[in-house]
2 protein chains.
Amino acid sequence: MTLSEEDYVKVIYHLGKGDNATVSTNAVARQMQTKPSSVTDMVKKLSEKGVVNYRPYKGVSLTEYGKKVALSLVRKHRLWEVFLVDKLDFSWDEVHEVAEQLEHIKSEKLVDQLDKHLGYPTIDPHGDPIPSKNGEFKRAIKKTLNEVPVGTNGICVGVKDSSAPFLKFLDKNNIALGDTILVIDKEEFDGSLHIQIKGNDLHISDQIATNLYLKITE
Amino acid sequence: MTLSEEDYVKVIYHLGKGDNATVSTNAVARQMQTKPSSVTDMVKKLSEKGVVNYRPYKGVSLTEYGKKVALSLVRKHRLWEVFLVDKLDFSWDEVHEVAEQLEHIKSEKLVDQLDKHLGYPTIDPHGDPIPSKNGEFKRAIKKTLNEVPVGTNGICVGVKDSSAPFLKFLDKNNIALGDTILVIDKEEFDGSLHIQIKGNDLHISDQIATNLYLKITE
DNA sequence: ACAAATATTTAGATTTGTCTAAAATATAAT
DNA sequence: ATTATATTTTAGACAAATCTAAATATTTGT
Ligand SMILES: [Mn+2]
Ligand SMILES: [Mn+2]
Ligand SMILES: [Mn+2]
Ligand SMILES: [Mn+2]
């Protein structure tokens, strides 16, 4: 498979939300930053190769084989992201573009050894699960901090309130996107939370918890 | 620069033996595993872009800019080779193909951080020098073990005598290609050498030394 | 149900990198 | 100095991936 074919497969996978839904030509074009006519051409070729199911005017979905290809790419992408953050001190938001390139390197041994070198991680720096070699993985969901049960472990991936005061508060309390957060305890009385973040314990109000998104994998 | 253009530049660099000699169309074609007519096409394009000097029927050489491009590629290739051997437990002879792909990843930060992660290595697993960020590096030369002065440090890169008995001897004494060898002392009487290899001291005869190639950078 | 709007495909062109076969140039041999 | 051989370039073609413009199909609104 060429680099371009691989990127199409990945886009079709992500748009199909993992459950292999049929996706439209326009959706793929938007995501691939290309024209719908180019998508039609490529999708025909992928169909010839048995990677996708394609019905003109009706949309495209991955075959079983295509799904395997997609999961292998997602695995590689996320492993490289972990590498960049853990070993090369990249930050959370710098890794995607480079991983987008690295995911296309062809070498099974490289992936296996990288996985080992990283200590067999199960989630990437964005809190997304890393598929195993045979394509199994937990689904990730995004919830606000106040919605999850005590004991939940996740990665801070966004804010609902993006006002300056709130962001300032996060900064002052040393909470940043990409941080791992563990919910230690919840006060029933006011809904405030005891959490652990980057090794430090912290007590945050319900209002704060409501505005912080956590990505978790059950 | 595209992947293909970069590979041409690297081949022209290597065939020009670093000192930027003019190389022939046929030589490039042989190295690139392609046809001379394809080389002519590509070399014209690279000439347009100011990467090479090209005179029809006379050959091609790198411009100053082209040389910079080549050295950056060589740097990346060799850093990745070190990574594969030192961090991912690849062996000496498995790294080239993968590095051939990795060298094309575009990210300055990636290269800088990789360099740091590896501890700023100066030679690759084959004993070849790694150009610095601004393109400086020591030239590597290959000599038999008996030709180098006491105190020389190098990498075992080949054998002159490849007979079964000799290879068996190397195996028994735990000497393999890719090993770092340090010449500790030389006996004037019989030319035998005291060497250090993988932490172990070893005493080898002049006959052995004559048949082992060392790659060294002065 | 039918016109209007939207989505998708087709036709034809372009760029990149490659190829084969033929022509042109350079090198070697007599 | 001519001829023969080897090298290099040109001309024309092709596959991959893309584009624009036009044609076709589907969906939406009334
Ligand atoms: Mn990609
Ligand atoms: Mn990610
Ligand atoms: Mn390469
Ligand atoms: Mn090397």
Side-chain angles (χ1 to χ4, degrees), chain A residues 1-17 21-62 66 69-70 73 97 100-101 103-106, chain B residues 1-17 21-62 66 69-70 73 97 100-101 103-106:
Chain A
M1 300 252 297
T2 66
L3 187 149
S4 194
E5 287 174 339
E6 289 186 341
D7 278 339
Y8 272 96
V9 168
K10 240 184 42 170
V11 160
I12 293 165
Y13 172 80
H14 281 127
L15 289 174
K17 297 204 227 70
T22 292
V23 301
S24 77
T25 302
N26 263 4
V28 175
R30 203 170 323 134
Q31 205 67 23
M32 284 291 295
Q33 316 231 66
T34 186
K35 304 291 166 185
S37 55
S38 305
V39 174
T40 303
D41 286 346
M42 179 57 90
V43 146
K44 276 180 184 167
K45 191 170 45 150
L46 291 174
S47 178
E48 295 291 304
K49 292 195 178 188
V51 181
V52 302
N53 306 117
Y54 169 58
R55 289 181 48 222
Y57 294 101
K58 297 301 180 184
V60 65
S61 64
L62 295 177
V69 172
L73 284 165
E97 193 195 350
E100 201 57 48
Q101 299 176 58
E103 70 192 358
H104 302 287
I105 303 292
K106 265 114 192 139
Chain B
M1 298 252 297
T2 66
L3 187 149
S4 195
E5 287 174 340
E6 289 187 341
D7 278 340
Y8 273 96
V9 168
K10 241 186 39 173
V11 160
I12 293 165
Y13 172 80
H14 281 127
L15 289 174
K17 294 202 228 72
T22 292
V23 300
S24 77
T25 302
N26 263 5
V28 175
R30 203 169 325 137
Q31 204 68 23
M32 283 291 296
Q33 315 232 65
T34 184
K35 302 292 166 183
S37 56
S38 305
V39 175
T40 302
D41 287 345
M42 179 56 91
V43 146
K44 276 180 184 167
K45 190 170 45 148
L46 291 175
S47 179
E48 295 290 305
K49 292 195 178 189
V51 181
V52 302
N53 307 115
Y54 169 57
R55 290 182 47 222
Y57 293 103
K58 297 302 180 183
V60 65
S61 64
L62 296 176
V69 172
L73 285 164
E97 194 194 351
E100 200 57 48
Q101 299 177 60
E103 69 192 358
H104 302 288
I105 304 292
K106 264 116 191 134

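Every chain is numbered from 1 and lettered A, B, ... according to where its sequence line falls, protein lines coming before strand lines.
- Looking at the side chain of Met42(A), the nearest of the listed nucleotides dA11(C), dA21(C), dT18(D) is dT18(D).
- Residue Thr25(A) is classed as a sugar-phosphate contact, given heavy-atom separations below 4.0 Å to backbone atoms only.
- Contact record, Met32(B) with Val11(B): SD-CG2, 3.6 Å, taken as the closest heavy-atom pair.
- Here the side chain of Ser38(B) is nearest to one of dT10(D), dC19(C), dA21(D), namely dC19(C).
- From His104(A), atom NE2 reaches atom CE of Met1(A) across 10.0 Å, with rounding to the nearest 0.5 Å.
- For the pair Ser4(B) and Met42(B), the tightest heavy-atom approach, listed with the atom from each and the gap, is OG-CE, 3.8 Å.
- Using a 4.0 Å cutoff on non-hydrogen atoms, the parts of residues 50-59 of chain A near DNA chain C are Tyr54(A), Pro56(A), Tyr57(A), ordered by number.
- Between Val52(A) and Val43(A), the closest heavy-atom pair is CG2-O, 3.7 Å.
- Here Asn26(B) reaches the OP1 or OP2 of dT8(D): one of its side-chain N or O atoms lies under 4.0 Å away.
- Looking at the side chain of Pro36(A), the nearest of the listed nucleotides dT9(C), dC19(C), dT9(D) is dT9(C).
- Rounded to an integer number of Å, the gap from CG of Leu46(B) to C1' of dT16(C) is 12 Å.
- Shown here for Ala70(A) and Leu62(A), the closest heavy-atom pair between the two residues is CB-CD1, 3.9 Å.
- Residue Thr2(A) has no polar side-chain atom (N or O) positioned under 4.0 Å from OP1 or OP2 of dA16(D).
- Here CD of Glu5(B) is found 3.5 Å from NZ of Lys49(B). Values are rounded to the nearest 0.5 Å.
- Spacing between atom NZ of Lys44(B) and atom P of dT16(C) amounts to 15 Å, rounded to whole angstrom units.
- Whole-Å rounding puts the Asp41(B) CG to dC14(D) P distance at 16 Å.
- Between the CZ atom of Arg30(B) and the P atom of dA6(D) there is a distance of 14 Å, rounded to whole Å.
- Following rounding to the nearest Å, Leu3(B) (CG) and dT18(C) (C1') show an atom-to-atom distance of 15 Å.
- Between the C1' atom of dT16(C) and the OH atom of Tyr8(B) lies a distance of 11 Å, rounded to the nearest Å.
- One can place CD of Glu48(A) at 14 Å from C1' of dA16(D), the figure rounded to the nearest angstrom.
- Applying the 4.0 Å criterion to OP1 and OP2 of dA21(D), one finds that Lys35(A) has every side-chain N and O outside that range.
- Residue Ser4(A) has no polar side-chain atom (N or O) positioned under 4.0 Å from OP1 or OP2 of dA16(D).
- Taking all atoms of both residues into account, the shortest heavy-atom contact from Pro36(A) to Thr25(A) is O-CG2, 3.5 Å.
- Taking 3.5 Å as the limit, the base of dT8(C) and the side chain of Ser24(A) contain no donor-acceptor pair of atoms between them.
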